[in-house]
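In what follows, a structure is listed as C-alpha coordinates, so that the remarks can point back to it.
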Amino acid sequence: MLSDKPQPHQYVLLVMLGAIWGSSFFLIKVTLESITPVTLTAFRLFFAFLVLTSLMFILGKRFPKDFKTWRYYVLIGITGNILPFVLISWGELHITSGLAAILMAVIPLTALLIAHLWTDDEKMSLPKFIGTVIGFGGVVLLVGPEALNGLGDSVLGQLAVAFASFCYGASSVFARKVGLVKLDPIVNGSAILLCASLMALPMAFIVEEPMSLEPTLISVGALLMLSIVSTAIAYIILYYLLGAVGASFTALNNYLVPVFGMIWGFLFLSERYEQEAFIALAVILLGIVVTQIKRRSAKRVVNSFAVNKKTGEEV
(Lines give C-alpha, C1' and ligand atoms only; values in the text may rest on other atoms or scores of the structure.)
Protein backbone atom coordinates (compact mmCIF):
# COMPACT_ATOMS: atom_id res chain seq x y z
CA MET A 1 0.00 0.00 0.00
CA LEU A 2 1.19 3.50 -0.80
CA SER A 3 2.25 5.83 1.98
CA ASP A 4 -0.43 8.43 2.75
CA LYS A 5 2.12 11.16 2.25
CA PRO A 6 5.80 11.12 1.30
CA GLN A 7 8.17 11.17 4.25
CA PRO A 8 11.06 13.68 4.46
CA HIS A 9 13.63 11.08 3.37
CA GLN A 10 11.51 10.25 0.33
CA TYR A 11 11.55 13.91 -0.73
CA VAL A 12 15.34 13.78 -0.32
CA LEU A 13 15.53 10.69 -2.54
CA LEU A 14 13.29 12.38 -5.12
CA VAL A 15 15.69 15.33 -5.23
CA MET A 16 18.66 12.94 -5.45
CA LEU A 17 17.06 11.17 -8.41
CA GLY A 18 16.50 14.51 -10.13
CA ALA A 19 20.13 15.46 -9.43
CA ILE A 20 21.45 12.18 -10.82
CA TRP A 21 19.35 12.25 -13.96
CA GLY A 22 19.98 15.99 -14.32
CA SER A 23 23.54 15.12 -15.32
CA SER A 24 22.47 12.48 -17.86
CA PHE A 25 21.81 14.78 -20.82
CA PHE A 26 25.22 16.36 -20.47
CA LEU A 27 26.93 12.97 -20.06
CA ILE A 28 25.10 11.59 -23.10
CA LYS A 29 26.26 14.54 -25.19
CA VAL A 30 29.87 13.92 -24.10
CA THR A 31 29.64 10.17 -24.75
CA LEU A 32 28.15 10.69 -28.21
CA GLU A 33 31.25 12.59 -29.28
CA SER A 34 32.99 9.28 -29.99
CA ILE A 35 30.47 6.50 -29.24
CA THR A 36 27.38 5.76 -31.35
CA PRO A 37 23.84 5.76 -29.82
CA VAL A 38 22.99 2.03 -29.77
CA THR A 39 26.49 1.10 -28.57
CA LEU A 40 26.18 3.74 -25.85
CA THR A 41 22.87 2.22 -24.73
CA ALA A 42 24.15 -1.37 -24.78
CA PHE A 43 27.29 -0.76 -22.74
CA ARG A 44 25.57 1.67 -20.39
CA LEU A 45 23.09 -1.11 -19.54
CA PHE A 46 25.75 -3.82 -19.36
CA PHE A 47 28.13 -1.94 -17.05
CA ALA A 48 25.20 -0.93 -14.84
CA PHE A 49 24.11 -4.58 -14.68
CA LEU A 50 27.59 -5.67 -13.58
CA VAL A 51 27.67 -3.06 -10.80
CA LEU A 52 24.16 -3.67 -9.49
CA THR A 53 24.33 -7.47 -9.68
CA SER A 54 27.68 -7.50 -7.85
CA LEU A 55 26.07 -5.45 -5.08
CA MET A 56 23.07 -7.79 -5.06
CA PHE A 57 25.21 -10.91 -4.48
CA ILE A 58 27.42 -9.15 -1.93
CA LEU A 59 24.27 -8.37 0.08
CA GLY A 60 23.13 -12.01 -0.18
CA LYS A 61 20.14 -11.31 -2.41
CA ARG A 62 19.06 -13.59 -5.25
CA PHE A 63 17.06 -13.34 -8.48
CA PRO A 64 13.42 -14.51 -8.42
CA LYS A 65 12.78 -17.92 -9.98
CA ASP A 66 9.23 -17.66 -11.35
CA PHE A 67 8.75 -17.24 -15.09
CA LYS A 68 5.94 -14.68 -14.76
CA THR A 69 8.17 -12.17 -12.97
CA TRP A 70 10.88 -12.57 -15.61
CA ARG A 71 8.33 -11.86 -18.35
CA TYR A 72 7.65 -8.53 -16.65
CA TYR A 73 11.38 -7.85 -16.39
CA VAL A 74 11.84 -8.44 -20.12
CA LEU A 75 8.97 -6.10 -20.99
CA ILE A 76 10.29 -3.32 -18.72
CA GLY A 77 13.80 -3.93 -20.02
CA ILE A 78 12.51 -3.06 -23.49
CA THR A 79 10.07 -0.24 -22.71
CA GLY A 80 11.89 1.33 -19.76
CA ASN A 81 15.48 0.94 -20.91
CA ILE A 82 16.35 -0.03 -24.48
CA LEU A 83 13.70 2.03 -26.28
CA PRO A 84 14.03 5.29 -24.27
CA PHE A 85 17.85 5.10 -24.03
CA VAL A 86 18.24 4.63 -27.79
CA LEU A 87 15.55 7.19 -28.63
CA ILE A 88 17.03 9.87 -26.35
CA SER A 89 20.59 9.24 -27.54
CA TRP A 90 19.49 9.39 -31.17
CA GLY A 91 17.16 12.34 -30.59
CA GLU A 92 19.94 14.40 -28.99
CA LEU A 93 21.88 14.15 -32.22
CA HIS A 94 19.13 16.25 -33.84
CA ILE A 95 17.69 18.56 -31.16
CA THR A 96 19.04 20.80 -28.39
CA SER A 97 19.36 19.56 -24.82
CA GLY A 98 16.97 22.32 -23.74
CA LEU A 99 14.21 21.09 -26.01
CA ALA A 100 14.95 17.52 -24.92
CA ALA A 101 14.50 18.57 -21.28
CA ILE A 102 11.09 20.07 -22.06
CA LEU A 103 9.99 16.98 -23.96
CA MET A 104 11.13 14.72 -21.13
CA ALA A 105 9.13 16.84 -18.68
CA VAL A 106 6.03 15.27 -20.22
CA ILE A 107 6.79 12.16 -18.09
CA PRO A 108 4.88 13.33 -14.96
CA LEU A 109 1.84 14.19 -17.09
CA THR A 110 2.05 10.79 -18.79
CA ALA A 111 2.49 8.93 -15.50
CA LEU A 112 -0.41 10.85 -13.91
CA LEU A 113 -2.80 9.93 -16.73
CA ILE A 114 -1.73 6.29 -17.06
CA ALA A 115 -1.76 5.77 -13.28
CA HIS A 116 -5.30 7.20 -13.14
CA LEU A 117 -6.50 4.78 -15.83
CA TRP A 118 -4.49 1.76 -14.76
CA THR A 119 -4.29 1.73 -10.94
CA ASP A 120 -6.74 1.83 -8.05
CA ASP A 121 -4.69 3.88 -5.59
CA GLU A 122 -3.22 6.65 -7.79
CA LYS A 123 -6.30 8.38 -9.14
CA MET A 124 -6.04 11.85 -10.62
CA SER A 125 -7.23 14.74 -8.50
CA LEU A 126 -7.56 18.44 -9.27
CA PRO A 127 -4.53 19.43 -7.10
CA LYS A 128 -2.46 16.67 -8.73
CA PHE A 129 -3.37 17.87 -12.20
CA ILE A 130 -2.87 21.57 -11.40
CA GLY A 131 0.45 20.91 -9.65
CA THR A 132 1.71 18.79 -12.55
CA VAL A 133 0.81 21.49 -15.07
CA ILE A 134 2.46 24.17 -12.89
CA GLY A 135 5.60 22.06 -12.72
CA PHE A 136 5.65 21.63 -16.49
CA GLY A 137 5.27 25.39 -16.90
CA GLY A 138 8.21 25.88 -14.57
CA VAL A 139 10.36 23.60 -16.74
CA VAL A 140 9.47 25.59 -19.87
CA LEU A 141 10.28 28.83 -18.03
CA LEU A 142 13.56 27.41 -16.71
CA VAL A 143 14.84 26.09 -20.04
CA GLY A 144 13.51 29.19 -21.78
CA PRO A 145 10.43 29.53 -23.98
CA GLU A 146 12.80 30.15 -26.89
CA ALA A 147 13.68 26.43 -26.75
CA LEU A 148 10.19 25.81 -28.07
CA ASN A 149 11.17 27.71 -31.20
CA GLY A 150 12.98 24.55 -32.27
CA LEU A 151 9.72 22.66 -32.52
CA GLY A 152 9.29 21.51 -36.07
CA ASP A 153 12.95 21.84 -37.04
CA SER A 154 13.63 18.17 -36.46
CA VAL A 155 10.32 16.40 -36.08
CA LEU A 156 11.75 12.89 -35.90
CA GLY A 157 14.23 13.85 -33.19
CA GLN A 158 11.47 15.46 -31.15
CA LEU A 159 9.13 12.51 -31.62
CA ALA A 160 11.92 10.16 -30.50
CA VAL A 161 12.44 11.99 -27.19
CA ALA A 162 8.70 12.49 -26.65
CA PHE A 163 8.03 8.78 -27.15
CA ALA A 164 10.91 7.99 -24.79
CA SER A 165 9.16 10.07 -22.12
CA PHE A 166 5.95 8.09 -22.70
CA CYS A 167 7.90 4.82 -22.35
CA TYR A 168 9.36 5.94 -19.03
CA GLY A 169 5.98 6.95 -17.64
CA ALA A 170 4.21 3.80 -18.85
CA SER A 171 6.90 1.39 -17.61
CA SER A 172 6.90 2.97 -14.14
CA VAL A 173 3.14 2.59 -13.79
CA PHE A 174 3.32 -0.94 -15.22
CA ALA A 175 5.90 -1.94 -12.58
CA ARG A 176 3.44 -0.85 -9.89
CA LYS A 177 0.45 -2.41 -11.63
CA VAL A 178 1.97 -5.91 -11.76
CA GLY A 179 3.46 -5.71 -8.26
CA LEU A 180 7.17 -5.67 -9.13
CA VAL A 181 7.71 -2.75 -6.75
CA LYS A 182 6.95 -5.09 -3.84
CA LEU A 183 10.24 -6.89 -4.54
CA ASP A 184 13.68 -5.67 -3.48
CA PRO A 185 14.69 -2.61 -5.58
CA ILE A 186 18.26 -3.92 -6.04
CA VAL A 187 16.95 -7.26 -7.32
CA ASN A 188 14.50 -5.49 -9.63
CA GLY A 189 17.18 -3.25 -11.05
CA SER A 190 19.66 -6.11 -11.55
CA ALA A 191 17.12 -8.36 -13.28
CA ILE A 192 15.80 -5.64 -15.57
CA LEU A 193 19.30 -4.56 -16.54
CA LEU A 194 20.23 -8.19 -17.23
CA CYS A 195 17.29 -8.58 -19.62
CA ALA A 196 17.96 -5.24 -21.27
CA SER A 197 21.68 -5.99 -21.68
CA LEU A 198 21.07 -9.38 -23.27
CA MET A 199 18.92 -7.68 -25.90
CA ALA A 200 20.90 -4.47 -26.38
CA LEU A 201 24.40 -5.93 -26.79
CA PRO A 202 23.58 -8.09 -29.85
CA MET A 203 21.59 -5.18 -31.27
CA ALA A 204 24.64 -2.91 -31.01
CA PHE A 205 26.81 -5.36 -32.95
CA ILE A 206 24.12 -5.84 -35.61
CA VAL A 207 23.18 -2.18 -36.12
CA GLU A 208 26.57 -0.57 -35.49
CA GLU A 209 30.23 -1.60 -35.31
CA PRO A 210 31.35 -1.09 -31.70
CA MET A 211 34.77 -2.69 -32.26
CA SER A 212 35.64 -0.15 -34.95
CA LEU A 213 35.01 2.83 -32.67
CA GLU A 214 37.84 4.84 -31.18
CA PRO A 215 36.29 6.32 -28.03
CA THR A 216 38.08 9.12 -26.26
CA LEU A 217 38.98 8.87 -22.60
CA ILE A 218 36.44 11.54 -21.68
CA SER A 219 33.67 9.68 -23.55
CA VAL A 220 34.52 6.45 -21.73
CA GLY A 221 34.50 8.30 -18.42
CA ALA A 222 31.09 9.81 -19.21
CA LEU A 223 29.78 6.35 -20.20
CA LEU A 224 30.94 4.87 -16.88
CA MET A 225 29.24 7.70 -14.98
CA LEU A 226 26.04 7.04 -16.94
CA SER A 227 26.27 3.34 -16.08
CA ILE A 228 27.19 3.50 -12.41
CA VAL A 229 25.43 6.64 -11.18
CA SER A 230 22.69 7.49 -13.70
CA THR A 231 21.57 3.87 -14.13
CA ALA A 232 22.65 1.50 -11.34
CA ILE A 233 22.29 3.85 -8.36
CA ALA A 234 19.29 5.62 -9.89
CA TYR A 235 17.48 2.29 -10.29
CA ILE A 236 17.73 1.51 -6.59
CA ILE A 237 16.18 4.88 -5.74
CA LEU A 238 13.58 4.62 -8.52
CA TYR A 239 12.16 1.24 -7.54
CA TYR A 240 12.18 2.08 -3.86
CA LEU A 241 10.13 5.24 -4.51
CA LEU A 242 7.75 3.47 -6.91
CA GLY A 243 6.90 0.96 -4.21
CA ALA A 244 6.72 3.45 -1.36
CA VAL A 245 4.96 6.50 -2.83
CA GLY A 246 3.82 5.54 -6.33
CA ALA A 247 4.52 6.42 -9.95
CA SER A 248 2.86 9.85 -9.99
CA PHE A 249 5.01 11.24 -7.16
CA THR A 250 8.19 9.54 -8.39
CA ALA A 251 7.72 10.96 -11.90
CA LEU A 252 7.93 14.48 -10.44
CA ASN A 253 11.72 14.05 -10.33
CA ASN A 254 11.66 14.86 -14.05
CA TYR A 255 10.77 18.46 -13.20
CA LEU A 256 13.96 18.62 -11.13
CA VAL A 257 16.14 17.21 -13.93
CA PRO A 258 16.55 20.54 -15.81
CA VAL A 259 16.96 22.34 -12.47
CA PHE A 260 20.00 20.23 -11.69
CA GLY A 261 21.17 20.56 -15.26
CA MET A 262 21.34 24.29 -14.49
CA ILE A 263 23.11 23.67 -11.17
CA TRP A 264 25.73 21.36 -12.71
CA GLY A 265 26.33 23.93 -15.42
CA PHE A 266 26.87 26.61 -12.77
CA LEU A 267 29.24 24.45 -10.70
CA PHE A 268 31.30 22.78 -13.41
CA LEU A 269 30.92 24.91 -16.53
CA SER A 270 30.89 28.37 -14.91
CA GLU A 271 27.51 29.12 -16.49
CA ARG A 272 25.52 32.08 -15.18
CA TYR A 273 21.76 32.47 -15.04
CA GLU A 274 19.29 35.32 -15.03
CA GLN A 275 16.70 36.00 -12.36
CA GLU A 276 14.06 34.15 -14.43
CA ALA A 277 15.85 30.85 -13.75
CA PHE A 278 15.34 31.19 -10.00
CA ILE A 279 11.70 32.18 -10.50
CA ALA A 280 11.29 29.03 -12.60
CA LEU A 281 12.81 26.95 -9.82
CA ALA A 282 10.25 28.39 -7.38
CA VAL A 283 7.43 27.57 -9.82
CA ILE A 284 8.62 23.97 -10.18
CA LEU A 285 8.81 23.49 -6.40
CA LEU A 286 5.35 25.06 -6.05
CA GLY A 287 4.00 22.55 -8.55
CA ILE A 288 5.42 19.63 -6.56
CA VAL A 289 3.90 20.98 -3.34
CA VAL A 290 0.46 21.48 -4.95
CA THR A 291 0.36 17.86 -6.18
CA GLN A 292 0.54 16.69 -2.55
CA ILE A 293 -2.30 18.85 -1.16
CA LYS A 294 -5.09 16.40 -1.87
CA ARG A 295 -3.16 13.44 -0.57
CA ARG A 296 -3.06 14.95 2.89
CA SER A 297 -6.43 16.68 3.25
CA ALA A 298 -8.53 13.90 1.72
CA LYS A 299 -7.13 11.33 4.13
CA ARG A 300 -7.99 13.49 7.12
CA VAL A 301 -11.57 13.87 5.89
CA VAL A 302 -11.98 10.12 5.30
CA ASN A 303 -10.52 9.24 8.69
CA SER A 304 -12.75 11.82 10.41
CA PHE A 305 -15.84 10.42 8.68
CA ALA A 306 -14.90 6.84 9.61
CA VAL A 307 -14.38 7.72 13.28
CA ASN A 308 -17.66 9.62 13.53
CA LYS A 309 -19.53 6.85 11.72
CA LYS A 310 -18.36 4.35 14.36
CA THR A 311 -19.37 6.59 17.26
CA GLY A 312 -22.64 7.58 15.65
CA GLU A 313 -21.80 11.26 15.85
CA GLU A 314 -22.38 13.72 13.07
CA VAL A 315 -19.39 15.22 11.34
With the 4.5 Å side-chain cut-off for hydrophobic clustering, are L87 and I206 part of the same group? no

Determine whether L194 and L59 fall in the same hydrophobic cluster, where Ile, Leu, Val, Met, Phe, Trp and Tyr are linked whenever their side-chain heavy atoms lie under 4.5 Å apart. yes

Do T53 side-chain atoms and L50 backbone N/O form a donor-acceptor pair below 3.5 Å? no

Among the clusters formed by ILVMFWY side chains lying less than 4.5 Å apart, do L27 and L217 turn up in the same one? no

Only pairs at least two apart or in different chains count here, so list each salt bridge (Lys or Arg N to Asp or Glu O under 4.0 Å) that has a residue in residues 217-228. none

Looking only at heavy atoms, what is the nearest atom pair of L14 and L256, with distance? O-CD1, 3.9 Å

Closer than 3.5 angstrom, by distance alone: can the side chain of S219 be matched with the main-chain N or O of P215 as a donor-acceptor pair? no

Smallest separation among heavy atoms of T31 and A222, with atom names: OG1-CB, 3.3 Å

Applying a strict under-4.5 Å side-chain criterion to I, L, V, M, F, W and Y, I'd like to know whether F49 and I58 cluster together. no

Atom of V74, atom of M199 and distance for their closest heavy-atom approach: O-CE, 3.9 Å

Could you work out, with side-chain contact (heavy atoms from CB on, under 4.5 Å) as the rule, every residue matching K68, not counting sequence neighbours? D66, R71, Y72

Between Y235 and N81, a side-chain donor and acceptor under 3.5 Å: yes

Restricting to pairs with a member in residues 52-61, which pass salt bridge (Lys or Arg N to Asp or Glu O under 4.0 Å), not counting sequence neighbours? K61-D184

Hydrogens and angles aside, do S230 and S24 bring a side-chain donor and acceptor to less than 3.5 Å of each other? yes

Taking the side chain as everything from C-beta on, heavy atoms only, tell me whether T39 gets closer than 4.5 Å to F205. no

